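Keep in mind it's a predicted model, so treat the numbers as computed, not measured.
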Amino acid sequence: MKLTTVATLLFSALSTQLVAAELDANKVKFIGPLADTATIKPNNTPYQTAIINNLLPKLQSDSKTLSVLGKKVTWQPLGEVNDLTIAGLQAIKFNFSAERFVQGKLKLNGIEKAHVFLNGETLSGSKEYDINAVTGDHQVVIVVEQADDWKKVSLEYLPKAEHDVITLTAKETRALSAKQLFDAPTISSVSISPNGEYYVVTERHYQSNHGNKAINKTTLTDEEGKVLYRFDGLSANQIKWRADSKQVVFVRNKAITVLNLKDLEEKVVAEQLDGAYGFQYFDNNTLVFAWSKSDKSKHTLVKHFRGLEDRWSYARNNSQIFMLDINSGFINPITEGKLSHSLADFDNEAGTILVTRNPQDYAKPPHMLTELVEVNLKDNQQTVLGQYRTFSSAKYSDDGIYVVAGPDFANGLGRAIPENMLANNYDGQLYRLDRQGQNAKALSKSFDPAIGSMQVLSNDDVVIKVTERDTQQLYLYDESKARFTKLKTGFDVVGRFSISDERNPDLLVTGTQASHPQQLKRLDISKNRAKTLWDSKALAYENSEIATLSEFNFTNKEGVEIKGRVYTPHNLDESKQYPALVYYYGGTSPVSRGFTGRYPFNLWAAQGYVVYVLQPTGATGFGQEFSAKHVNAWGEYTANDIIEGTKKFLAAHPYVNKDKVGNLGASYGGFMTMLLATKTDLFSASISHAGISNITSYWGQGWWGYLYSGEASKNSFPWNNPKLYSDHSPVFHADKVNSPLLLIHGDADTNVPPGESHNMYTALKLLGKDVELIEYKGTDHQVFARDRRFHWWDTMLAYFDMHLKDQPQWWQYIYK
């Protein structure tokens with residue numbers, strides 16, 4: 001066997017024609033025979049695909065050995081293999097790196113029957129297989145069913161063009177990949193028992209042979225980590241605990257099932273509750289839940305709208321609150337009427353339930369009214385405790401009610417801004433009312449983080465999840481000391497959390513850091529100390545090359561500090577010039593420091609880009625005055641911050657090519673991308689995903705456009721402030737766009753209608769500008785499905801490769 005040439009391009013001395021190159025046998029690994037006693041090959045059965053796919057994950061792993069039918073087989077360099085048997089299966093694999101998108105053909109000489117995989121995906125072919133690989137590290141696995149004469153076996157790579165170079169590697173680390181970030185195991189849901197002795201977690205991951213379907217595993221575990229029970233087809237957030245931790249309840253196959261933890265026996269207590277959801281224990285013998293009835297009376301010819309909310313597909317569903325007696329199966333209605341009711345909280349000792357409902361009322365921004373109602377179960381009397389324009393959630397305390405709402409709650413009780421400013425009510429604040437809904441007290445006016453969700457502890461303290469600058473954190477509000485204390489989770493971004501109901505409660509919490517993937521921790525709240533229970537880095541990222549992260553803040557022209565961070569490629573060479581990507585949102589929330597997400601900064605850095613993420617004026621988490629500047633601004637401060645920040649970023653990072661800088665954003669960030677294209681030529685190429693081009697049409701057509709505009713354009717409408725709606729709409733300035741622009745939209749987007757991208761596309765096409773429009777069919781505001789997510793990520797990076805690296809081949813491959 002002669003496999004001695006390295007994997008580079010070979011050129012004839014007399015011709016520029018590209019020829020195939022053999023792969024260095026010392027960098028190709030071989031294992032086999034696998035089960036040398038097996039004489040029937042998978043190809044001779046109707047199940048060969050399943051047989052090979054089940055073997056593939058083990059062949060892909062970095063393990064040096066593989067145990068098959070009790071026999072240990074070792075990977076070894078193919079060049080050192082002298083005596084090969086054709087019994088059983090053999091496998092070959094090699095790793096290669098590409099410094100850009102490459103295309104070529106892999107030739108298998110001397111192999112009669114084989115299955116070839118590139119990064120776990122099946123390649124079609126027989127003797128030749130197409131290689132299309134993006135920048136980064138890759139793995140090819142070849143499962144050989146038949147090779148008649150191994151002395152004649154050789155592997156060759158034929159590049160499509162001179163630049164399509166691959167290099168075989170034997171390095172122990174690998175660049176991050178899209179598949180790795182999306183498919184890696186994560187904890188998607190957690191729940192800890194009231195006594196803290198048990199917890200339920202749902203672990204999720206994806207595999208190529210499962211397509212878009214996630215593989216979920218939900219387990220009940222004791223404090224020592226011993227698995228006691230598995231909940232098939234359920235998520236941890238669907239498992240609800242009884243107060244004494246002796247039972248849980250869940251819904252499976254439309255049946256309400258109780259699990260006794262002492263003997264792990266299941267008992268169905270009710271069936272045929274189609275549309276019922278949110279079951280939880282009211283007391284030891286009673287469940288409280290919501291039951292939704294969909295509206296079947298649909299006119300086949302027209303739709304007569306019943307209000308602005310009627311554009312929502314679920315607006316005519318009616319949800320009410322019910323109680324179920326576990327022993328008898330009797331169901332007792334708690335609320336009724338044309339208005340849906342949502343469960344906010346309950347107090348079983350007082351015999352009361354808190355619910356919310358939304359009567360139609362457009363009188364004031366944000367054009368929605370929330371009523372907080374208390375139901376007394378003794379006589380089923382309802383008492384309206386308050387009507388609010390800004391409201392998020394309410395929870396009982398021993399002698400009062402905690403509320404999370406915006407600064408304008410209770411006639412502006414939570415405002416901490418100058419009188420001439422309008423508050424941004426997405427900046428959540430904490431309040432306390434008495435049991436009658438009166439005597440409101442603002443608890444967080446001097447607390448800059450924006451409050452999201454909350455959970456009240458048995459001692460009346462509150463654990464709150466907040467947006468703090470560009471992080472998501474947990475704080476404990478000490479009711480007796482009126483003090484906020486940060487819980488030391490060690491995360492930049494807290495994900496799911498659950499709290500026990502002990503005197504000294506424990507917290508089960510997931511989260512990530514900007515440069516560290518997800519972990520699961522258990523935290524003793526009284527000691528404020530956490531220990532790690534689970535770490536995805538050990539499962540999926542142990543040998544990964546993760547971008548270097550540094551902070552980059554600057555003070556803008558108004559004297560306000562603008563936070564930012566920079567991701568640089570692994571092993572950055574500062575003597576070279578790198579393209580850069582600038583990312584922002586600009587809406588009411590900052591861009592979080594999550595390890596991955598819809599916009600994976602670590603992946604972009606792995607693709608050779610320096611990535612600058614900044615938090616321009618208007619975001620929550622930096623104090624009320626900072627967030628209030630979002631109101632009636634529509635990009636005024638935000639654009640200035642992005643332009644100024646990018647210029648200072650380029651000056652501080654000389655290894656970034658200032659002529660190869662791209663920018664992108666989504667939703668409000670997509671609006672900012674379009675707006676920036678009309679204001680500056682700083683960027684060489686731009687991408688807007690689901691962006692707003694015309695503030696008026698977004699305000700009038702999006703499902704929630706009028707509600708969001710109730711804050712973003714507070715008290716401003718097309719008839720009383722047309723200047724805001726036109727001057728700040730990018731499509732009205734389309735003639736000022738000079739750089740290439742890619743518009744991406746889901747054609748089923750209900751938040752920002754796809755017409756917003758069509759507006760800009762039409763304008764720029766008529767103006768003869770460089771513009772592309774990509775629509776994802778059947779996709780809403782976000783791209784979730786695995787196959788679409790990969791295609792979407794590829795589209796964005798291929799577009800930037802074309803314009804910022806002068807490499808159009810990837811884009812041309814996707815959009816032939």
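Residues meeting the salt bridge (charged side-chain N to carboxylate O under 4.0 Å, His left out) test with Glu309, sequence neighbours left out: none. Residues forming a ring-ring contact (aromatic ring centres under 6.0 Å, His included) with Phe409 (at least two apart in sequence, or on another chain): Tyr388, Tyr431.
A side-chain donor from one of Ser667 and His781 sits under 3.5 Å from a side-chain acceptor of the other. Between the side chains of Thr467 and Gln472, at least one donor N or O lies within less than 3.5 Å of an accepting N or O. In this structure, a donor-acceptor pair under 3.5 Å is present between the side chains of Asp681 and Asn738. Side chains of His733 and Thr678: no donor on one and acceptor on the other come within 3.5 Å. Between Asn556 and Glu644, the side chains place no donor N or O within less than 3.5 Å of an acceptor N or O (distance only, hydrogens not considered). There is a side-chain donor-acceptor pair under 3.5 Å between Asn632 and Ser716. If you check the side chains of Thr588 and Tyr668, you find no donor sitting under 3.5 Å from an acceptor. In this model, no donor atom of one side chain and acceptor atom of the other lie less than 3.5 Å apart for Tyr475 and Gln473. A side-chain donor-acceptor contact under 3.5 Å links Gln320 and Thr335. Side-chain atoms of Asp427 and Thr620 include no donor-acceptor pair closer than 3.5 Å. Ser697 and Glu756 are linked by a side-chain donor-acceptor pair at a separation below 3.5 angstrom, with hydrogens and angles left out of the test. Side chains of Asn663 and Ser686: a donor-acceptor N/O pair is present below 3.5 angstrom, by distance only. Between the side chains of Glu374 and Thr383, no donor-acceptor pair is found at a separation under 3.5 Å. Judged purely by distance below 3.5 Å, without hydrogens or angles, the side chains of Thr370 and Asn358 pair a donor atom with an acceptor atom. His630 and Tyr426 share no side-chain donor-acceptor pair at under 3.5 Å. Under the 3.5 Å distance criterion, with hydrogens and angles disregarded, a donor-acceptor pair is assigned to the side chains of Glu775 and His758. Between the side chains of Asp780 and Thr750, a donor-acceptor pair is found at a separation under 3.5 Å. With hydrogens and angles left out, the side-chain atoms of Ser319 and Ser292 include a donor and acceptor closer than 3.5 Å.
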Point to revise | Residue pair Met368, Leu707: steps toward the side-chain contact (heavy atoms from CB on, under 4.5 Å) verdict | key: CA-CA 7 Å; Met368 174 175 276; Leu707 289 173; 3.8 Å; yes
**Study point:** Ile692 and Met674: CA distance, side-chain angles, deciding distance, side-chain contact (heavy atoms from CB on, under 4.5 Å) verdict
**Key:** CA-CA 8 Å; Ile692 301 164; Met674 294 189 211; over 6 Å; no
Exercise for review: Kindly indicate, with the supporting measurements, whether the criterion side-chain contact (heavy atoms from CB on, under 4.5 Å) is fulfilled by Leu443 and Tyr402.
Suggested key: CA-CA 10 Å; Leu443 306 177; Tyr402 285 108; 3.8 Å; yes
Practice item. Might you work through the side-chain contact (heavy atoms from CB on, under 4.5 Å) test for Leu385 and Leu433, ending with a clear yes or no? Key: CA-CA 10 Å; Leu385 302 181; Leu433 312 175; 6.0 Å; no
Exercise for review: Before giving the answer on side chain to side chain donor-acceptor pair (under 3.5 Å), spell out for Glu561 and Thr555 the whole-Å C-alpha distance, their side-chain angles and the decisive distance to 0.1 Å.
Suggested key: CA-CA 4 Å; Glu561 185 181 44; Thr555 301; 5.7 Å; no
Point to revise | Verdict with supporting geometry, Glu551 and Lys563, salt bridge (Lys or Arg N to Asp or Glu O under 4.0 Å) | key: CA-CA 8 Å; Glu551 304 303 311; Lys563 295 286 187 179; over 6 Å; no
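To the nearest 0.5 Å, the span separating CG on Asp470 from CZ on Arg593 amounts to 4.5 Å.
Pairing each heavy atom of Tyr583 with each of Leu664, the nearest pair is CD1-O, 3.2 Å. Closest approach of Pro366 and Arg389 over heavy atoms only: CD-O, 3.4 Å. Shortest non-hydrogen contact noted between Trp792 and Tyr776 is CA-OH, 3.2 Å. The two residues Asp641 and Phe554 come nearest to each other via the heavy atoms O-CZ, 3.4 Å. When all heavy atoms are compared, the tightest approach of Gly618 to Asn424 is O-ND2, 3.8 Å. Across Gly587 and Tyr708, no two heavy atoms sit closer than the pair CA-OH, 4.1 Å.
For the pair Arg357 and Glu371, the salt-bridge criterion is met [side-chain N within less than 4.0 Å of a carboxylate O]. With salt bridges taken as basic N to acidic carboxylate O contacts below 4.0 Å, none links Asp747 and Lys777. Residues Arg789 and Asp794 are not paired through a salt bridge, judged by the lack of any N-O separation under 4.0 Å between the basic side chain and the carboxylate.
The main-chain N or O of Pro754 is never found under 3.5 Å from a side-chain atom of Asp749 such that the two would form a donor-acceptor pair. In terms of modelled atom types and a separation under 3.5 Å, the side chain of Ser713 and the main chain of Gly710 share no donor-acceptor contact. With hydrogens and angles disregarded, no donor-acceptor distance shorter than 3.5 Å links the side chain of Trp793 to the backbone of Pro600. A donor-acceptor contact shorter than 3.5 Å is absent between the side chain of Ser392 and the backbone of Ala405.
Remark: Arg415 CZ is packed, more than 12 non-hydrogen atoms of other residues, nucleotides or ligands lying under 6.0 Å away.
Leu354 has its side chain within reach of Ile401: a pair of non-hydrogen atoms, C-beta onward, lies under 4.5 Å apart. Counting heavy atoms from C-beta on, the side chains of Ser709 and Glu711 never come closer than 4.5 Å.
Ring geometry, Phe622 versus Phe626: the interplanar angle falls from 30° to 60°, so the pair is classed tilted.
A cation-pi contact, defined as under 6.0 Å to the ring centre and within 45° of the axis, links Lys629 to Tyr637.
Partner of Tyr567 under the ring pair (Phe, Tyr, Trp, His ring centres under 6.0 Å) criterion, chosen from Phe595, Phe601, Tyr599, Phe552: Phe601.
When ring centroids are compared, Phe447 and Tyr477 stay outside the 6.0 Å threshold. With ring centers used as reference points, Phe671 lies under 6.0 Å from Trp634.
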